[in-house]
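All values below were derived from every heavy atom in this structure, side-chain atoms included, with hydrogens, water molecules and symmetry-related copies excluded.
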Amino acid sequence: MACSTNMRRRCVQALHPMNESDYLRRALELAKKSLGRTRPNPAVGAVVVKGGKIIGEGRHKKAGGDHAEVAAIKDAIKKSGPASLKGASIYVTLEPCSSRGKVGVCTDAIASSGISNVVYAVADPNPRMRGKARRVLARHSISCKSASEIAKKISSNCGEKRRLEECVREAENIITPFAKHITTGLPYVIVKIAMSLDGKICDHAGNAKWISSQRSRNMTGRMRGYVDAIMVGGQTVRSDNPSLLCHQKKHDSLIRVVVSRSGDLPKKAQIFADGAPNKTLVFDDAVKAIKELGKAGITSVLCEGGLDLARSLAQEGLVDEWHTILSPIVIGARPISKAMRFSNGACGMSDVAVGDVHAFSSASGKVFL
């Protein structure tokens with residue numbers, strides 16, 4: 001008989017007692033499921049623990065819905081009743097909120113639940129809110145600590161210390177777009193470009209399909225699943241007629257953005273004729289587009305081309321992460337289908353079979369995608 005995911009997890013817990021890093025790791029897994037779905041809020045996951053076992057799980061699914069802590073508390077109550085929360089701990093990827101937004105305050109929900117211990121992976125990036133949860137919860141005699149604090153008290157040669165530090169880094173990466181948006185008002189901008197060995201992103205006819213391999217294109221699809229908006233230049237729309245949708249998993253909240261100085265775009269393009277034209281925004285300037293998207297609560301943007309658009313964003317200091325897929329072909333004056341293909345190289349290949357190389361760099365040192 002096939003075992004459910006929850007059943008397998010309970011079996012693992014019974015055989016191998018879980019550590020605090022294990023609880024945070026599970027909370028991170030939950031948070032990742034919400035990437036790209038929560039704007040302008042961050043993706044957050046939480047688990048409630050009692051007697052060394054996870055008794056409740058939750059994540060923030062969308063703005064206006066329950067925050068992760070509230071969802072996890074409700075899940076625990078549903079499974080084991082309100083009394084199960086007395087003396088329990090909650091592990092959350094981000095410091096609990098302590099101010100009222102569209103929904104209730106997480107610190108209030110925790111204080112009224114009976115939970116006595118809170119562990120969070122990273123502090124609130126908002127300077128005005130950072131550390132406030134601890135002060136609020138202290139008034140209710142509830143312990144509130146960061147994973148970094150716990151790790152500092154552990155011996156340097158202990159694996160749990162390393163695992164906690166890894167959880168902190170991963171949690172920081174997950175909220176990188178939110179952190180930039182909450183402190184600057186601008187979205188986190190990722191550029192992804194595919195090019196040939198001779199530096200071309202299309203052939204002489206403007207055709208860019210397909211420079212990179214299917215596996216590399218699948219990676220791009222995964223990227224689309226984690227961001228709030230996809231941005232391209234007008235020439236990309238005219239030449240490639242892309243859908244700019246996430247085909248690997250449902251992403252109804254994805255916004256498509258086109259930057260075109262002339263505004264001369266084909267009305268029959270997929271982005272205008274596929275049933276979701278209201279999710280396509282057109283701007284005449286790249287910098288203006290980024291600023292307006294930030295004002296609209298967009299926290300992350302994936303720019304997929306063209307190269308002039310990507311360069312213009314970089315020149316203005318707006319690019320946070322740059323990914324280049326270098327394919328082992330030389331296009332020259334040929335069409336892409338006739339491009340000369342070379343044998344595999346050796347440099348962090350994303351597709352060993354085809355030879356694509358994935359190179360990336362981050363301005364901040366943190367990597368969201």
Side-chain angles (χ1 to χ4, degrees), residues 4-6 8-10 13 18 20-50 53-80 84-85 88-98 101-110 113 115 117-125 133 146-147 166-179 181-182 188 222 224-228 246 248-254 297 299-300 368-369:
S4 68
T5 300
N6 288 335
R8 286 194 297 270
R9 188 174 299 120
R10 286 195 294 270
Q13 289 178 15
M18 299 179 74
E20 291 185 295
S21 62
D22 295 314
Y23 304 136
L24 285 175
R25 175 62 54 194
R26 177 54 186 161
L28 287 165
E29 291 174 359
L30 293 167
K32 288 178 181 179
K33 293 182 179 181
S34 292
L35 285 172
R37 273 75 175 167
T38 61
R39 67 172 186 266
N41 300 331
V44 180
V47 297
V48 178
V49 176
K50 181 88 175 275
K53 296 180 180 180
I54 294 175
I55 63 171
E57 297 185 339
R59 62 186 174 96
H60 183 42
K61 294 183 178 180
K62 63 179 181 179
D66 286 339
H67 284 189
E69 299 91 327
V70 174
I73 289 170
K74 287 183 177 179
D75 186 48
I77 292 173
K78 181 180 178 181
K79 291 176 179 176
S80 306
S84 65
L85 292 169
S89 298
I90 188 166
Y91 292 78
V92 60
T93 57
L94 179 64
E95 178 182 355
C97 70
S98 50
K102 291 184 178 180
V103 296
V105 182
C106 290
T107 49
D108 288 349
I110 292 169
S113 70
I115 286 173
N117 181 53
V118 176
V119 176
Y120 60 87
V122 291
D124 194 319
S146 70
E166 289 174 351
C167 287
V168 171
R169 286 192 293 271
E170 189 168 337
E172 288 175 341
N173 289 343
I174 286 175
I175 67 161
T176 296
F178 172 73
H181 186 259
I182 202 69
Y188 188 85
R222 289 192 294 274
R224 290 182 179 184
Y226 294 144
V227 298
D228 296 337
C246 179
Q248 294 174 325
K249 59 181 178 180
K250 191 176 182 180
H251 194 347
D252 291 337
S253 60
L254 187 65
T299 65
S300 56
F368 175 57
L369 294 183

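Side-chain atoms of Arg25 do not come within 3.5 Å of backbone N or O of Tyr23 as any donor-acceptor pair. No donor-acceptor pair closer than 3.5 Å links the side chain of Thr299 to the backbone N or O of Pro177. With hydrogens and angles ignored, the 3.5 Å screen pairs a side-chain donor or acceptor of Thr38 with a backbone N or O of Asn41. Between the side chain of Ser300 and the backbone N or O of Asp228, at least one donor-acceptor pair lies under 3.5 Å. A donor-acceptor pair is defined here as one N or O able to donate and one able to accept, closer than 3.5 Å; no such pair exists between the side chain of Glu95 and the backbone of Ala123. Side-chain atoms of His60 come within 3.5 Å of backbone N or O of Asp66 as a donor-acceptor pair.
Summarising the geometry of Ile174 relative to Ala43, their closest heavy-atom pair is CG2-O, 3.7 Å, with the distance given to 0.1 Å. In terms of heavy atoms, Arg39 sits closest to Gly297 at CB-O, 3.5 Å. Annotation for Ala63 and Pro40: closest pair CB-CD, 4.2 Å, computed over non-hydrogen atoms. Closest approach of Ile55 and Ser84 over heavy atoms only: CD1-O, 3.7 Å. Taking all atoms of both residues into account, the shortest heavy-atom contact from Ala71 to Gly58 is CB-CA, 3.8 Å. Taking both residues in full, the closest heavy atoms of Pro96 and Cys106 are given as CB-CB, 4.1 Å, listed atom of the first, atom of the second, then distance.
For the atom pair Asp124 CG and Leu94 CG, the distance stands at 5.5 Å (nearest 0.5 Å). To the nearest 0.5 Å, atom CD of residue Glu57 and atom CG of residue Asp75 are 6.5 Å apart. Here Cys167 contributes atom SG and Glu20 contributes atom CD; the two are 10.5 Å apart, rounded to the nearest 0.5 Å. In this structure, CG on Leu35 lies 14.0 Å from CZ on Arg222, to the nearest 0.5 angstrom. In this structure, CG on Leu30 lies 15.0 Å from OH on Tyr91, to the nearest 0.5 angstrom. Between Lys61 atom NZ and Lys33 atom NZ the span is 9.0 Å, to the nearest 0.5 Å.
Checking each of Ile77, Ile90, Ile110 against Val48 for a side-chain contact (heavy atoms from CB on, under 4.5 Å) leaves exactly one that passes, namely Ile90.
Salt bridge Glu29/Lys32: absent, no basic N to carboxylate O contact under 4.0 Å.
Within the 4.5 Å cutoff, no side-chain heavy atoms of Val122 are placed close to those of Thr93.
Residues passing the side-chain contact (heavy atoms from CB on, under 4.5 Å) test with Ser113 are Ile73, Leu85, Ile115, sequence neighbours excluded.
Summarising the local packing, NZ of Lys50 is surrounded by more than 12 heavy atoms from other residues, nucleotides or ligands at distances under 6.0 Å.
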Candidate pair Leu24 and Val47, rule side-chain contact (heavy atoms from CB on, under 4.5 Å), full reasoning: CA-CA 8 Å; Leu24 285 175; Val47 297; over 6 Å; no
